[in-house]
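Remember, it's 1-based here, ligands and their atoms both numbered in the order they're listed. Here the structure is a predicted model, which means the values were calculated and not measured. The residues of the chain are indexed from 1 along the displayed sequence.
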Amino acid sequence: MVDILVSREIFISSYKKEYSVSFIKDCIPSVLSSSSEGHFIIDQNFYNLYENSLKQQSNFLEPLIIEATEDNKSLDKMSSYIEELLKRGVKRDHKIIAIGGGIIQDISCFISSTILRGIDWDFVPTTLLAQADSCIGSKSSINVGEYKNILGTFNPPNQIVIDVSFLETLDHKDICSGVGEIIKVHAIKGQDALSEILQDYDELFTNKELMEKYILNSLLYKKELIEIDEFDKGPRNIMNYGHSFGHAIESATNFKIPHGIAVSIGMDLANYVSRELGVSDGSIFLKMHETLQKNYGDFSHYEIPINLLIDALSKDKKNSSHSLKLILPNNEKLFIDSYKNNNQLYEICSDFLVNLMNA
Ligand SMILES: NC(=O)c1ccc[n+]([C@@H]2O[C@H](COP(=O)([O-])OP(=O)(O)OC[C@H]3O[C@@H](n4cnc5c(N)ncnc54)[C@H](O)[C@@H]3O)[C@@H](O)[C@H]2O)c1
């Protein structure tokens, strides 16, 4: 039996059950100690870095190792993972233990909700984006062809274990990607929360305690929305701020831009579109632009072809048959509205990409 030092714990109510999010230092022994019937699905880069600590645990079993690419979370790839788990003897009373970022989460959540009509799963998020945002909310999102995150289920894990020390090995771009989602949820929470993160932005990258505080706050703010609208029928839609444009940017650049960085560009673009359409007076664009631009800075010269962006925007799953659904800020709050995919929108997006993104 291992002594487990839980520094913080929160509980999320869901349609299936209440599940816990625990912040645990040196979490590998504690996760493995409860995993006698577990099948591991592990991110390849994470496994390469932490293989020794994993193998030191007596009940560690040979994992299914998957490289974190968008192609690997496509429907086409699911059958090979499922066949592999079946060969390893997965049973309905077993569970999946997923260790990795958002990609491993999406794959593991999707498989555990469908294999043998559903088995339990635990999740150890190892990227900032997964720790601060995606780990709660129950969603799995799988790509089909060129349609990003178009297929999915709602299936919360039994428990989530966060060890912030895993962030020490993460690339700078993946830290910025997570920070993009942290900024998003603070913008949704309200002007005071947004002002606070914008002010603390630079320090976040060097101050581990501050980062841990923002991870926790992000989860608490997201918890408020997912507990009233787990199935994304109303209030939770707002969590897609920056995402219609973000997903379109990811798709238009063949997924070369990390998700949370595309979302950072997407929020900046949504704020700009809102100002140019006269939906807002532009104060929110001015308030966020400098920080967002810093956050996507390494990718600001990346070419985003406007035709591909507009085409991808029209394939967003929130659209209705005749219009695009965009989440834009007005002067007080974020809201979702319908817009025609017309020349004006094309011109505004084009102007942003050419004149503002890398100015
Ligand atoms: N289901 C949801 O609710 C939800 C929400 C947001 C995003 N997503 C999805 O999540 C994906 C993005 O997730 P992500 O940003 O976590 O990226 P990711 O899973 O692609 O991981 C990013 C990179 O970090 C590496 N990595 C992981 N942990 C590491 C560690 N501790 N040290 C060093 N390297 C490590 C991975 O190998 C990869 O190269 C996208 O596909 C997005 O659509 C899902």
Looking only at protein heavy atoms, identify the closest one to [atom] and say how far it is in Å.
atom: atom 38 (C) of ligand 1; value: Ala68 CB, 3.9 Å
atom: atom 41 (O) of ligand 1; value: Glu70 OE2, 2.6 Å
atom: atom 34 (N) of ligand 1; value: Leu170 CD1, 3.7 Å
atom: atom 14 (P) of ligand 1; value: Gly102 N, 3.5 Å
atom: atom 28 (N) of ligand 1; value: Thr126 OG1, 2.7 Å
atom: atom 6 (C) of ligand 1; value: Ser134 CB, 3.7 Å
atom: atom 16 (O) of ligand 1; value: Thr127 OG1, 2.6 Å
atom: atom 39 (O) of ligand 1; value: Asn45 ND2, 3.2 Å

Does the side chain of [X] come under 3.5 Å of the side chain of [Y] through a donor N or O and an acceptor N or O?
X: Asp174; Y: Thr127; value: no
X: Asp268; Y: His289; value: yes
X: Asp351; Y: Tyr346; value: no
X: Thr169; Y: Tyr50; value: yes
X: Asp163; Y: Ser165; value: yes
X: Asn72; Y: Glu67; value: no

Using a 4.0 Å heavy-atom threshold (strictly under), name the region of [X] that reaches ligand 1: side chain, backbone, both or neither.
X: Leu167; answer: neither
X: Lys148; answer: side chain
X: Lys73; answer: side chain
X: Thr169; answer: both
X: Asp43; answer: side chain

Less than 4.0 angstrom from a charged side-chain N to a carboxylate O is my criterion; do [X] and [Y] meet it?
X: Glu230; Y: Arg236; result: no
X: Asp93; Y: Lys91; result: no
X: Arg88; Y: Glu62; result: no
X: Asp202; Y: Lys294; result: yes

Decide whether an N or O pair under 3.5 Å exists between [X] and ligand 1.
X: Ser140; value: no
X: Ile104; value: no
X: Ala130; value: no
X: Asn149; value: yes
X: Lys222; value: no

With atom 23 (C) of ligand 1 as the reference point, say which of Ile175, Asp174, Ile261 has the nearest heavy atom. Asp174

Heavy atoms only: which of Asp106, Val124, Leu49, Asn48 lies closest to atom 8 (N) of ligand 1? Asp106

Point-to-point distance, once rounded to the nearest 0.5 Å, from OG1 of Thr291 to CG of Leu194: 8.5 Å

To the nearest 0.5 Å, what is the distance between CD1 on Ile327 and NE2 on His243? 9.0 Å

Could you walk me through whether Tyr296 and Tyr302 pass ring-ring contact (aromatic ring centres under 6.0 Å, His included), step by step? CA-CA 10 Å; Tyr296 64 70; Tyr302 215 91; over 10 Å; no

Of all the atoms in ligand 1, which lie at a distance below 4.0 Å from a heavy atom belonging to Ile103? 10 (O), 11 (C), 13 (O), 19 (O), 20 (O), 41 (O)

